[in-house]
Amino acid sequence: MNGPDEFRFALETPLPAFAPGGMLRLDGWCAHAGAAAAPAIRLRCTDRLFGASQRRRREDVCSAFPHLDPATEYGFSIDGTIAPGTHPAQLEAADGAGGWCGLRRFTIAATGDPAAREPVAPAPHHPADLPPADSAAHELEGSPPVAAPAGQLALQGWCVHPAVGRPPAVRLVCAGGVLLPHSRHRRPDVCATLRARPGAEECGFAFQGALPPGLHPARLEASWDGNDWRSLRRFVIAALPGVLHAAIEVPAAKTITASLRLQGWCAHSDQRLAEVWLHYGNRRVRCDYGLPRTDVPHLVPGAPDGARAGFIAAKNLPVGDGPLRLCAHSVAGARYFLATDRHVAIRTDEENPRPLDLSAQAPRLGPRRAPEAAAPRPRTTAPRRILFVLYGDMTSNSALHVAALANELIARGHDCLVAVPFHPETIRYHPGARFRCIAFADWETGAARFADGAGPDLVHAWTTSERVRRFSLAVCAAACAKLVVHLEDDEGCILEASTGRSAADLATLPEATLAQLVGDDFSHPRHRPEFLRQAAGCTAILDRLCEFLPPGQPRAVFWPAATPEFFARPIPWDLRAALGWGPDHTVLFYHGNLHPTNRAEMAELHRAVVELNATGTPATLLRAGRDFCALPAALAAAATPHVVALGRIDQHRHLGPLLSLADCFVQPGEPDSFNNYRFPSKLPEFFASGRPVILPRSNIGTVARHGVDAFVLERADAAGIAGAVRALRRDPALAARLAAGAAAFAQRHFDWARSAGQLETFYASLG
């Protein structure tokens, strides 16, 4: 999948573009940030596509981006004829690894006068000794594309005609404006080399000006009479953003060995700063920023924060080793890093009174599984275009399932797209994605379709939330596609828990009030049944969810699985020891969000940890995920000393090694209307990691065998969880048996290839 940020490009045609007499010509260049080959280029104009008619080398572009190959033809031209009128257009690129990506939208104005096919400038009067300006010799001194550090352009060159006794006027056309020379100066060296006529010595020029950050197509133009301006050269100016300036003042030593509050100042040349952080080794320390300074405005003229650029570390620097860097966050959300001349080598601090040997081999997580060759997938004889419609972006839990299924179906010969309501760029959290991800809005504007420009054969709605329902129905109606709806939870139960109203209360609400409560994120209790009836078929993550389907509705049930990053790893005891968790310490791991629907059972998990520590069984809960609500205040205070909150883990593949720190895994809860109809997405990963799994007799707990596959509780509440942990501590043989049983259970039941095969068979049954 390619996004616009992965391409470097410039259109060297003034925009909006004009097509006199319907004859269009666009020039520019384009390179892909991670590919050696030049990307394919095309123009989408109204309902037509125009490919690049010419390709050429662009040494000027390669000199600005050293990783590019000068022998590659990054330059392009697009020629074609279009009907008179104003046409919306989009420049698109593809590097061969994915579909087409929109780079820039603009407008093309086409005239209908055939006589206007070639723009003809008024013929000025040239005295016999004044040739056209475009016949002059010229040079820009520098290697275009030209850089403008901090947006400040400084460009020099010369222009002269050997047969003319005075130099032409010059100007620079860039960023929608015209820049005249800041100064003219003599260049006798040029005139001597070209044997120019006397009087032409003042052919040197210099431009100075400010440009907004970005890549700007530019033209150098010349004229002898001030009316007839001719283009001499086209190039690109790269206006770079401003830079970060800083100084460390306390301590003065280049190597910082004492745990103290570091002081200094930090200012950006053109951005207002919100925060300043210190980075060294694996440490990150926030600073109190905004202290008054009288000297910095003179040191960094124009800096918005010059008068308040002072900072001091919010706490004494902790133990750590490494070069010191500053990280500044601007109020606009950008981050700027600056390497300093200091090195941190702190061996002791308040929490580590004995010196730490930071040069020793660091304990690590591991081991990694050796890459395995993917087993060949059976190729379909009836490929389908499948559009998966997600309720959230590609960081949502369901995105893991959709991404795995889409990759497997593509391996079998199908074409898959994933549509999300917002942030399609979050596909970067799935590095192995073989599909494209698009936003709902891009589909609606026609900017994103399947590779052949067609619509889908089948729309798989994930799940029944209002935003998914509306979008899926609109696409199906426009493309005459079959609708399949996927169920993951008892949506009615979730709505009740989130709104605090019972189903009976919700049923009595006026339509407008109910619609406001449901919004886009939840499933509408009055629209959901009709949505399911309109589907050609439905899929479910558990068979109990089929109770909500209309009688006779075609259906298929398949389980999610764990990706290859999750497998049975040994406990990294050296890292556990470094963290203070010896063999007598129980480590639990839970990765999942805290939200109103699971708040009660998450409270039971935290109470269990508090109870274990209070009754002589040291225990720590490693927790990854986000909090969308809070635990009871007293419980949160009691549990905090025994919980390590990792926050949201951006890359899902990093969870596998972290799970190896745990002695066992717990899925809290009990058989009820919420748990009986869901499949916690973390369970396949728990089982695949080869540790004892403690869970209630609900959903997967009704299939897993107690004492063989897992430790199954009637209720996984605080008392049940604490009792199960103590039982595993007392009986190492039981713990070893359940660890092996969990891994074997995962091998039997959790396989994405098998689930995708079941899904493919179900699609085929729908015709």
Side-chain angles (χ1 to χ4, degrees), residues 4-15 27-34 36 38-39 56-72 74-76 103-104 138-159 170-185 187 204-222 231-246 267-271 299-304 326 328 330 332 334-339:
D5 293 343
E6 300 179 51
F7 291 94
R8 304 289 183 267
F9 69 96
L11 268 178
E12 296 170 332
T13 299
L15 300 179
D27 294 290
W29 59 266
C30 182
H32 189 273
R56 55 189 177 275
R57 297 181 182 180
R58 288 294 299 264
E59 288 80 2
D60 55 338
V61 174
C62 296
S63 66
F65 303 101
H67 70 282
L68 299 181
D69 182 2
T72 301
Y74 297 108
F76 64 83
L103 301 182
R104 183 165 185 178
H138 66 279
E139 187 57 76
L140 289 177
E141 296 177 330
S143 183
V146 176
Q152 298 301 309
L153 174 67
L155 180 64
Q156 296 188 33
W158 55 264
C159 182
V170 292
R171 69 183 185 184
L172 189 66
V173 180
C174 180
V178 175
L179 187 64
L180 298 178
H182 174 265
S183 63
R184 299 298 299 252
H185 51 274
R187 290 297 300 266
F205 56 80
F207 292 103
Q208 291 185 7
L211 295 175
L215 295 175
H216 303 284
R219 291 195 314 275
L220 178 66
E221 297 183 343
S231 176
L232 300 181
R233 186 168 188 176
R234 293 175 181 265
F235 56 100
V236 174
I237 298 175
L240 307 177
V243 295
L244 192 66
H245 302 266
H268 194 279
S269 56
D270 57 22
Q271 295 291 321
L299 298 173
V300 189
L326 292 181
S330 74
R335 294 186 181 185
Y336 303 93
F337 286 90
L338 179 67

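Note: hydrogens, waters and symmetry copies are ignored here, and every other heavy atom, side chains too, is used.
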Student: Can you see which heavy atom on Tyr336 is nearest to which on Leu244, and at what distance?
Tutor: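 For Tyr336 and Leu244, the tightest heavy-atom pair comes out as O-CD2, 3.7 Å.
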
Student: Can a salt bridge be assigned to the pair Arg187 and Glu141 using a cut-off of 4.0 Å between side-chain N and carboxylate O?
Tutor: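 Looking at Arg187 and Glu141, the cut-off is met.
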
Student: With the side chain counted from C-beta on, respond yes when Asp69 and Tyr74 share a heavy-atom pair under 4.5 Å apart, and no when they do not.
Tutor: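 Yes, close enough: below the 4.5 Å cut-off.
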
Student: Write down the atom of Trp29, the atom of Phe76, and the distance for their closest heavy-atom approach.
Tutor: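 Shortest heavy-atom contact: N-CE2, 3.3 Å.
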
Student: List the atom pairs, donor and acceptor, that lie under 3.5 Å between side-chain atoms in residues 175-184 and the rest of the protein, sequence neighbours left out.
Tutor:
from	atom 1	to	atom 2	distance (Å)
Arg184	NE	Gly204	O	3.0
Arg184	NH1	Pro168	O	3.3
Arg184	NH2	Pro168	O	3.4
Arg184	NH2	Glu202	O	3.4

Student: Could you check if a side-chain atom of Phe207 sits within less than 4.5 angstrom of a side-chain atom of Leu220, using non-hydrogen atoms only?
Tutor: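 The answer is yes; the side chains approach within 4.5 Å.
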
Student: Is atom CZ of Arg56 surrounded by more than 12 heavy atoms (other residues, nucleotides or ligands) closer than 6.0 Å?
Tutor: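 Atom CZ in Arg56 is crowded, with more than 12 foreign heavy atoms closer than 6.0 Å.
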
Student: Atom CD in Glu139, atom CG in Leu232: separation rounded to 0.5 Å?
Tutor: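 Answer for the CD-CG pair, Glu139 versus Leu232, is 11.0 Å.
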
Student: Provide the closest heavy-atom pair for Leu11 versus Pro217 in the form atom of the first, atom of the second, distance.
Tutor: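 So the two residues come closest at O-CG, 2.6 Å.
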
Student: Nearest 0.5 angstrom please: Gln156 CD to Gln208 CD, how far?
Tutor: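 Result: 8.5 Å between the selected atoms.
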
Student: Is there a side-chain contact between Leu299 and His245 in this structure, where contact means two heavy atoms from C-beta onward sitting under 4.5 Å apart?
Tutor: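 They are not in contact (no side-chain heavy atoms under 4.5 Å apart), so the answer is no.
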
Student: Going from CZ on Arg233 to CD on Glu221, what distance comes out if it is rounded to the nearest 0.5 angstrom?
Tutor: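 Taking CZ in Arg233 and CD in Glu221, the distance rounds to 14.5 Å.
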
Student: Decide, yes or no, whether a salt bridge links Glu12 with Arg219 under the criterion of side-chain N to carboxylate O below 4.0 Å.
Tutor: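 Arg219 and Glu12: not salt-bridged.
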
Student: Please name the pair of heavy atoms, one in Cys30 and one in Pro39, separated by the smallest distance, quoted to 0.1 Å.
Tutor: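 That closest heavy-atom pairing would be O-CD, 3.5 Å.
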
Student: Rounded to the nearest 0.5 Å, what separation is found between the CZ atom of Phe9 and the CG atom of Leu103?
Tutor: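 It comes to 5.0 Å.
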
Student: Answer yes or no: is there a side-chain heavy-atom contact under 4.5 Å between His216 and Leu211?
Tutor: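 Yes, their side chains come closer than 4.5 Å.
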
Student: Quick one: does His268's side chain have a donor or acceptor within less than 3.5 Å of a partner on Gly242's backbone?
Tutor: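 Yes: the side chain of His268 pairs with the backbone of Gly242.
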
Student: Nearest heavy-atom pair of Ser269 and Val300: which atoms, and what distance?
Tutor: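 Minimum heavy-atom separation between Ser269 and Val300: CA-CG1, 4.1 Å.
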
